[in-house]
Amino acid sequence: MDLSGNKLSGNVPTWIGESLTSLQYLSLRSNQFYGRMPSQVCQLKHVQILDLSINNITGTIPNCLKNLGAMADGNWTKTIDHKYYWKGYERYSYIDEALVLWKGQNYLCDKNLGQFRIIDLSSNKIEGEIPREISSLSQIKQSNLSNNKLIGAIPEEIGCLKEMESLDLSHNHLSGRLPATMANLNFLNTLNLSYNSLSGRIPSSTQLQSFNASSFSNNLALCGLPLTQRCIEDGIPDPQSNHDGRYNEEDKDEFWKWYYAGMGLGFSAGFWGVSSTLLLKRSCRHAFFQLLNKFGDWVYVKKAVYNRRLQQKLHGKDSFLLMKWLPK
């Protein structure tokens, strides 16, 4: 059912979910629908492509989207085909074709239509948080929630969507750190998290660091590759504790290796710096050895004075004892 690109208005009809439960493709894209997304949409258990983008839909994303069973079904066929029978014989068949917005480009698909699992709610006025229940849609391949008013953090459970190839959460009010589980999205090749209020370090993974910096731009507190903004903790030794509360031995050994290497380099640089100056500059050499001579003379004088005072003190003590024991 494709009603996109018209001037339809009003609330999204509840009867779509109540009566058309066999729908596999539903597009109300680019109309003038408003109001909340009806929970009856969640009754479309066979829908594989749900596109409500570019409308004026408000409210929050229903938690019941987890009921879209086809989005979690890994048993798919390449085509969506139909056969009609008359008196037990096949009389007619055809393959569905539909316009699919895939990674920003429109494609007229037929032979591969059955492979897509897409939810597109972009360019509306949807508020609230991204429901954690969306992680139940394990076979979803593309999710576009951009240009809304979503708040809160990206759910940690997003790492369960391991078939995800395209994710767009840009132009919202999302905050907090990126979930470490995003590193599990191994098939992700299109990502846009720009224009939010995300913070912290971008998790390390082959996929996330392969994206252009524009995928993370305009998140002022976000840091780490592929952004040029470095994290505050970069470059500061921070030995990690293991489960017993003791420092990781490998990190400790690595620290001491660099410590001794630094000491060796420092000593070498200082020694050869001074030696080279003395060898190459005569005035410095003469001044240095004059200083050594003066220091040696000063030590000699101090030692001689100390010895003399010690002898005088011992001689005076011996004379006192001698006078004490002489007869009167």
Side-chain angles (χ1 to χ4, degrees), residues 12 16-17 23-29 36-53 55 57-74 76 100-103 115-194 196-198 203 205 207-208 215:
V12 177
I16 289 180
L23 278 180
Q24 293 175 272
Y25 176 100
L26 174 62
S27 178
L28 304 180
R29 176 184 178 84
R36 301 176 68 90
M37 189 188 313
S39 60
Q40 286 80 0
V41 171
C42 301
Q43 298 177 27
L44 301 174
K45 296 183 178 181
H46 299 285
V47 74
Q48 298 174 208
I49 298 176
L50 176 63
D51 190 346
L52 306 180
S53 62
N55 281 284
I57 298 173
T58 57
T60 60
I61 301 174
N63 294 338
C64 63
L65 284 184
K66 64 181 180 181
N67 296 330
L68 302 180
M71 300 281 188
D73 186 5
W76 46 264
V100 177
L101 182 63
W102 178 250
K103 301 179 183 179
Q115 299 182 55
F116 292 101
R117 301 288 188 277
I118 298 173
I119 292 181
D120 193 339
L121 305 179
S122 62
S123 299
N124 281 288
K125 299 177 182 178
I126 300 174
E127 301 175 332
E129 298 184 354
I130 301 173
R132 298 180 182 277
E133 288 77 6
I134 203 171
S135 63
S136 301
L137 310 179
S138 58
Q139 297 299 310
I140 193 170
K141 295 183 178 295
Q142 176 172 287
S143 179
N144 190 346
L145 306 178
S146 64
N147 290 286
N148 280 290
K149 299 180 180 180
L150 297 172
I151 61 172
I154 299 174
E156 191 74 25
E157 292 82 358
I158 198 169
C160 297
L161 305 179
K162 296 185 178 181
E163 298 297 320
M164 183 81 74
E165 297 183 31
S166 178
L167 177 64
D168 192 345
L169 302 177
S170 63
H171 293 272
N172 279 288
H173 306 296
L174 298 172
S175 58
R177 302 177 71 89
L178 295 184
T181 58
M182 289 189 69
N184 299 331
L185 304 179
N186 296 320
F187 294 106
L188 195 65
N189 53 45
T190 302
L191 176 66
N192 193 351
L193 303 178
S194 62
N196 280 287
S197 299
L198 299 168
S205 76
Q207 294 299 110
L208 295 179
S215 297

Which heavy-atom pair separates [X] from [Y] by the least distance, and what is that distance?
X	Y	value
Val47	Ala70	O-CB, 3.4 Å
Phe116	Ile49	CB-CD1, 3.9 Å
Pro179	Pro203	O-CG, 3.5 Å
Glu163	Ser138	CG-O, 3.6 Å
Ser143	Ile140	CB-CD1, 4.2 Å
Leu121	Asn124	O-ND2, 3.1 Å

About how many Å separate [atom2] of [Y] and [atom1] of [X], when rounded to the nearest 0.5 Å?
X	Y	atom1	atom2	value
Asn192	Ser122	CG	OG	11.5 Å
Gln207	Asn189	CD	CG	7.5 Å
Ile57	Asn148	CD1	CG	9.0 Å
Leu137	Met164	CG	CE	8.5 Å
Glu156	Ser135	CD	OG	11.0 Å
Leu191	Ser170	CG	OG	9.5 Å

Report yes if the side chains of [X] and [Y] come closer than 4.5 Å at any heavy-atom pair, otherwise no.
X	Y	answer
Glu165	Gln142	no
Val41	Ile16	no
Met37	Pro62	yes
Arg117	Gln48	yes
Ile61	Ile126	yes
Arg36	Thr60	yes
Ile158	Leu167	yes
Glu129	Ile151	yes

Going through the distances and angles, do Asn55 and Val12 end up as a side chain to side chain contact (heavy atoms under 4.5 Å, CB included)? CA-CA 10 Å; Asn55 281 284; Val12 177; over 6 Å; no
Would you say Asn196's side chain and Asn172's backbone share a donor-acceptor pair under 3.5 angstrom? yes
I'd like to know if the side chain of Asn67 and the backbone of Leu65 have a donor-acceptor N/O pair within less than 3.5 Å. no
